[in-house]
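What follows is a short report on a single structure.
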Amino acid sequence: QVQLVESGGGWVQAGGSLRLSCAASGRTFSSSTVAWFRQAPGKEREFVAAITWSGTYTYYADSVKGRFTISRDRAKNTVYLQMDSLKPEDTAVYYCAAVPAGAYNDPRYNYWGQGTQVTVSS
């Protein structure tokens with residue numbers, strides 16, 4: 001069993017930065033690919049970034065490449081999403097997910113956090 005708790009969301013002006021955290025309990029988390037997804041009002045949940053269990057490989061959606069950085073601290077069982085140069089279109093609820101059932105960008109993950117709101121104003 002894995003429990004995920006996101007934090008770090010909030011309000012920021014365009015061009016600003018936020019860092020999201022995903023703290024996990026459960027041994028499975030440390031050996032799992034972990035991803036961030038987001039969902040804006042009226043839109044489907046979309047892939048943002050993922051990181052393999054070792055941290056060796058990272059993957060990003062084209063829309064955030066070069067602006068967002070995913071990382072993990074295995075000692076703290078935490079995954080981070082550093083978001084820089086934020087745009088109004090980044091406004092969404094951001095979710096952390098672990099233990100994928102498919103590819104890293106496939107939303108069929110087994111465990112999800114409750115989400116954290118990110119609002120970027122123009």
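In this text, all values refer to a predicted model and were calculated from it rather than measured experimentally.
Note on Val120: it clusters hydrophobically with Leu81, by side-chain heavy-atom contacts below 4.5 Å among ILVMFWY residues. Following chains of ILVMFWY side-chain contacts shorter than 4.5 Å, one cannot reach Val93 starting from Met83, and the two form parts of different hydrophobic clusters. Transitive grouping of hydrophobic side chains (ILVMFWY, heavy atoms separated by less than 4.5 Å) brings Tyr94 and Leu4 into a common cluster. Note on Trp53 and Tyr111: separate hydrophobic clusters, where clusters join Ile, Leu, Val, Met, Phe, Trp and Tyr whose side-chain heavy atoms are under 4.5 Å apart, directly or indirectly. Linking Ile, Leu, Val, Met, Phe, Trp and Tyr whenever their side-chain heavy atoms come within less than 4.5 Å puts Tyr95 and Tyr109 in one cluster.
By the 4.5 Å heavy-atom criterion applied to side chains, Thr116 and Ser7 are not counted as neighbours. Taking the side chain as every heavy atom from C-beta outward, Gln117 and Thr91 approach each other to under 4.5 Å. Under the 4.5 Å side-chain criterion, counting only non-hydrogen atoms from C-beta, Leu18 is in contact with Leu86. For the pair Asp106/Tyr104, no side-chain contact is recorded, criterion being any heavy-atom separation below 4.5 Å from C-beta on. Inter-residue side-chain proximity for Arg38 and Arg45 is flagged as unmet; no heavy-atom pair is nearer than 4.5 Å. Contact check for Tyr60 versus Phe47: no side-chain heavy atoms found under the 4.5 Å cut-off. You'll find the side chain of Ile51 stays beyond 4.5 Å of the side chain of Tyr57, heavy atoms only.
A distance of 4.0 Å separates CH2 in Trp11 from OG in Ser121, rounded to the nearest 0.5 Å. Atom CG of Asp90 is separated from atom OG of Ser63 by 7.0 Å, given to the nearest 0.5 angstrom. Note that NZ of Lys43 is 8.5 Å distant from CD of Glu89, once rounded to the nearest 0.5 Å.
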Exercise. Evaluate the side chain to side chain donor-acceptor pair (under 3.5 Å) criterion for residues Tyr80 and Arg19: first the C-alpha distance (whole Å), next the side-chain angles of each, then the deciding distance (0.1 Å), finally the verdict.
Key: CA-CA 7 Å; Tyr80 304 97; Arg19 188 177 82 154; 4.7 Å; no

Exercise. Please step through ring pair (Phe, Tyr, Trp, His ring centres under 6.0 Å) for the pair Trp112 and Phe37, ending with a clear verdict.
Key: CA-CA 10 Å; Trp112 291 86; Phe37 286 78; 5.2 Å; yes

Quiz prompt | Stepwise side chain to side chain donor-acceptor pair (under 3.5 Å) test for Ser17 and Asp84 | solution = CA-CA 4 Å; Ser17 298; Asp84 298 318; 2.7 Å; yes

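The backbone N or O of Ser25 lies less than 3.5 Å from no partner atom in the side chain of Asn77, so there is not a single donor-acceptor pair. Listed for the Glu6 side chain is a donor-acceptor partner under 3.5 Å among the backbone atoms of Gln114. Using a distance-only test at 3.5 Å, with no hydrogens or angles considered, a donor-acceptor pair links the side chain of Ser32 to the main chain of Val99. Checking side-chain atoms of Thr78 against main-chain N and O of Lys76 turns up a donor-acceptor pair under 3.5 Å. For the pair Arg108 (side chain) and Gly102 (backbone), a donor-acceptor distance under 3.5 Å is absent.
In this structure, Lys65 pairs ionically with Asp62, as a charged nitrogen and a carboxylate oxygen lie closer than 4.0 Å.
In terms of heavy atoms, Pro100 sits closest to Ala103 at CB-O, 4.5 Å. Of all non-hydrogen atoms in Cys96 and Val34, the two that sit nearest each other are SG-CG1, 3.9 Å. For the residue pair Ser122 and Pro88, the shortest heavy atom distance occurs at CB-CG, 3.8 Å.
For the pair Arg72 and Phe29, the cation-pi criterion (under 6.0 Å, within 45° of the ring axis) is fulfilled.
Shown are Val48, Val79, Val64; of these, the side chain to side chain contact (heavy atoms under 4.5 Å, CB included) with Ile70 is made only by Val79.
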